[in-house]
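For reference, the structure is listed below as structure tokens.
Numbered from 1 within each chain, the chains take letters A, B, ... in sequence-line order. Only heavy atoms go into these numbers, but all of them, side chains included; no hydrogens, no water, no symmetry mates.
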There are 2 protein chains.
Amino acid sequence: MTAETPEQLFRKTLHARGYRVTPDRLRVFRHLLARPQPVAVAELADALQAEGTHPVTVYRVIDCLSALGVVHPVLLGSAVGFELSAPFRAHHHHLWCRGCGRLFDLAECELDPVIRRIEEVHHLKVEGHELTLEGLCDRCAARSEA
Amino acid sequence: MTAETPEQLFRKTLHARGYRVTPDRLRVFRHLLARPQPVAVAELADALQAEGTHPVTVYRVIDCLSALGVVHPVLLGSAVGFELSAPFRAHHHHLWCRGCGRLFDLAECELDPVIRRIEEVHHLKVEGHELTLEGLCDRCAARSEA
DNA sequence: GCTTAATTGCAAATTTATTGCAGAGAGGGT
DNA sequence: ACCCTCTCTGCAATAAATTTGCAATTAAGC
Ligand SMILES: [Mn+2]
Ligand SMILES: [Mn+2]
Ligand SMILES: [Zn+2]
Ligand SMILES: [Zn+2]
């Protein structure tokens with residue numbers, strides 16, 4: 001048995017919920033898969049127009065992928081970007097650097113114990129979370145120590 | 001000595017950085033102070049137009065308050081809202097309920113140890129953070145257990 | 001292949017945000 | 001209180017982002 005590719009899983013996900021597999025949806029998905037950082041929808045629309053996808057369609061596809069949980073919003077400064085969710089992309093968080101303005105992925109997530117405690121205290125059910133740190137990346141931090 | 005009011009502190013903050021204390025800035029500040037939840041700028045502009053503040057000015061005031069660190073952006077579903085930062089509003093996080101769509105404040109924050117560890121591992125300097133949980137509020141969680 | 005409902009393209013409308021410039025107003029000095 | 005200067009605001013115009021209605025297209029099931 002060979003491992004299932006992300007795209008195969010994506011097709012299944014669409015299918016399982018009654019959405020159709022279309023060239024535009026695949027194009028958006030592939031673009032996000034290849035992309036290291038979250039994108040604003042407008043920017044995505046610009047980028048994909050070159051590949052033949054109508055901007056309006058990009059907005060509708062993002063709505064679709066959001067409904068499926070395939071993508072999720074991320075805070076980019078004071079704007080919003082989207083990136084793939086698990087299992088298409090490993091769960092992770094972000095650092096927004098005040099020094100150079102770049103956004104970095106932080107692989108680890110040690111929030112589970114914290115969140116489980118919040119659930120108990122407040123009688124909530126937490127199904128997802130999004131954390132953005134703001135500060136200085138390693139490079140900018142080193143420079144500011146001088 | 002009587003305690004300093006939030007508005008007095010706000011006036012000082014403006015002053016200290018060379019910004020002027022204007023009626024529009026005070027109106028925006030007071031509105032945010034009275035408001036329990038984050039607002040989108042466009043919505044804020046609508047609301048304040050009734051009080052005589054020009055919409056364009058609201059955008060500019062929010063830029064000013066952001067630069068001062070008096071407000072900060074918060075993820076509202078897939079949009080952005082602004083709310084007062086510390087010390088005008090105690091630091092806290094949010095739960096976005098998938099059931100009823102409401103946004104709740106979560107008073108506690110136990111992220112400091114987690115963040116300090118991330119700083120060490122990655123050699124970063126973290127100066128702020130924003131966490132949004134997604135799930136079910138206590139009411140919706142209770143209902144879904146039935 | 002045919003049928004049908006979902007999806008897309010297009011044009012238009014809406015909503016949100018930005019910009020340039022002239023006039024109003026805040027703050028510091030006198 | 002008056003001036004001066006520089007900031008801030010109003011307005012109108014512009015630009016950018018997002019939504020909508022409808023007709024044409026197309027994916028999926030039979
Ligand atoms: Mn990321
Ligand atoms: Mn809040
Ligand atoms: Zn940096
Ligand atoms: Zn709820």
Side-chain angles (χ1 to χ4, degrees), chain A residues 7-32 38-68 70-82, chain B residues 7-32 38-68 70-82:
Chain A
E7 186 167 318
Q8 286 172 324
L9 179 55
F10 175 55
R11 285 167 179 270
K12 272 193 193 172
T13 306
L14 284 169
H15 201 258
R17 295 253 229 127
Y19 288 94
R20 294 185 179 171
V21 176
T22 68
D24 285 325
R25 286 175 180 163
L26 288 172
R27 241 174 260 142
V28 171
F29 178 78
R30 289 192 196 116
H31 189 100
L32 292 174
V39 227
V41 186
E43 189 189 330
L44 188 59
D46 277 350
L48 289 181
Q49 195 161 25
E51 297 182 33
T53 296
H54 191 104
V56 171
T57 299
V58 175
Y59 285 91
R60 294 195 269 225
V61 169
I62 287 293
D63 284 346
C64 164
L65 302 201
S66 294
L68 288 172
V70 169
V71 299
H72 64 271
V74 171
L75 202 51
L76 292 183
S78 60
V80 174
F82 287 85
Chain B
E7 186 168 317
Q8 286 172 325
L9 180 55
F10 175 55
R11 285 168 180 269
K12 272 192 194 172
T13 306
L14 285 170
H15 200 259
R17 294 254 229 127
Y19 289 95
R20 294 186 178 171
V21 176
T22 69
D24 285 325
R25 286 174 180 165
L26 287 171
R27 240 174 261 141
V28 171
F29 178 78
R30 290 192 195 116
H31 189 99
L32 292 173
V39 226
V41 186
E43 189 189 332
L44 188 59
D46 276 349
L48 289 181
Q49 195 160 25
E51 296 181 33
T53 296
H54 192 105
V56 171
T57 300
V58 175
Y59 285 91
R60 294 195 268 223
V61 169
I62 287 293
D63 284 347
C64 163
L65 302 200
S66 293
L68 288 171
V70 169
V71 298
H72 64 272
V74 171
L75 203 51
L76 292 183
S78 61
V80 174
F82 287 85

*With DNA chain C as reference, determine whether A42(B) or R20(B) sits nearer its 5' end, using the nearest nucleotide of each.*
A42(B)

*Specify the residue among V41(B) and R27(A) whose closest nucleotide of DNA chain C lies further upstream toward the 5′ end.*
R27(A)

*Could you walk me through whether D24(A) and R27(A) pass the side-chain contact (heavy atoms from CB on, under 4.5 Å) check?*
CA-CA 5 Å; D24(A) 285 325; R27(A) 241 174 260 142; 3.0 Å; yes

*What's the verdict on side-chain contact (heavy atoms from CB on, under 4.5 Å) for L14(A) and R11(A), showing C-alpha distance, side-chain angles and the deciding distance?*
CA-CA 5 Å; L14(A) 284 169; R11(A) 285 167 179 270; 5.7 Å; no

[N] [atom2] sits how many Å from [X] [atom1], rounded?
| X | N | atom1 | atom2 | answer |
| --- | --- | --- | --- | --- |
| L14(B) | dC8(D) | CG | C1' | 12 Å |
| F82(B) | dT16(C) | CZ | P | 14 Å |
| R17(A) | dT7(C) | CZ | P | 13 Å |
| R25(A) | dG9(C) | CZ | P | 12 Å |
| L26(B) | dC8(D) | CG | P | 13 Å |
| L44(B) | dT16(C) | CG | P | 12 Å |
| L48(A) | dA17(D) | CG | P | 15 Å |

*For DNA chain D, find the residues of residues 54-64 of chain A with a heavy-atom distance under 4.0 Å and give them by number; none if there aren't any.*
V56(A), Y59(A), R60(A)

*Would a distance-only check, ignoring hydrogens and angles, find a side-chain to backbone donor-acceptor pair under 3.5 Å from R25(B) to R20(B)?*
yes

_Least distance between heavy atoms, V80(B) atom then P73(B) atom_ = CG1-CB, 3.7 Å

*For S78(B) against F82(A), the heavy-atom pair lying closest together*: CB-CZ, 3.8 Å

*Passes side-chain contact (heavy atoms from CB on, under 4.5 Å), T13(A) versus Y19(A)? Steps please.*
CA-CA 8 Å; T13(A) 306; Y19(A) 288 94; over 6 Å; no

_Here's a test for you: under side-chain contact (heavy atoms from CB on, under 4.5 Å), which of V70(A), T57(A), L44(A) qualifies with I62(A)?_
L44(A)

*Using the test side chain to side chain donor-acceptor pair (under 3.5 Å), find all partners of R60(B) that sit at least two apart in sequence or belong to another chain.*
none

*OP1 or OP2 of dA6(C) sitting under 4.0 Å from any side-chain N/O of T22(A)?*
no

*asked:* So, OP1 or OP2 of dG29(D): does either fall under 4.0 Å of a side-chain N or O from H15(A)?
replied: yes

*Could you walk me through whether F29(B) and V21(B) pass the side-chain contact (heavy atoms from CB on, under 4.5 Å) check?*
CA-CA 11 Å; F29(B) 178 78; V21(B) 176; over 6 Å; no

*Bend angle of the helix from dG1(C)-dC30(D) to dT30(C)-dA1(D) from five-pair axes at both ends, rounded to 10°?*
50°

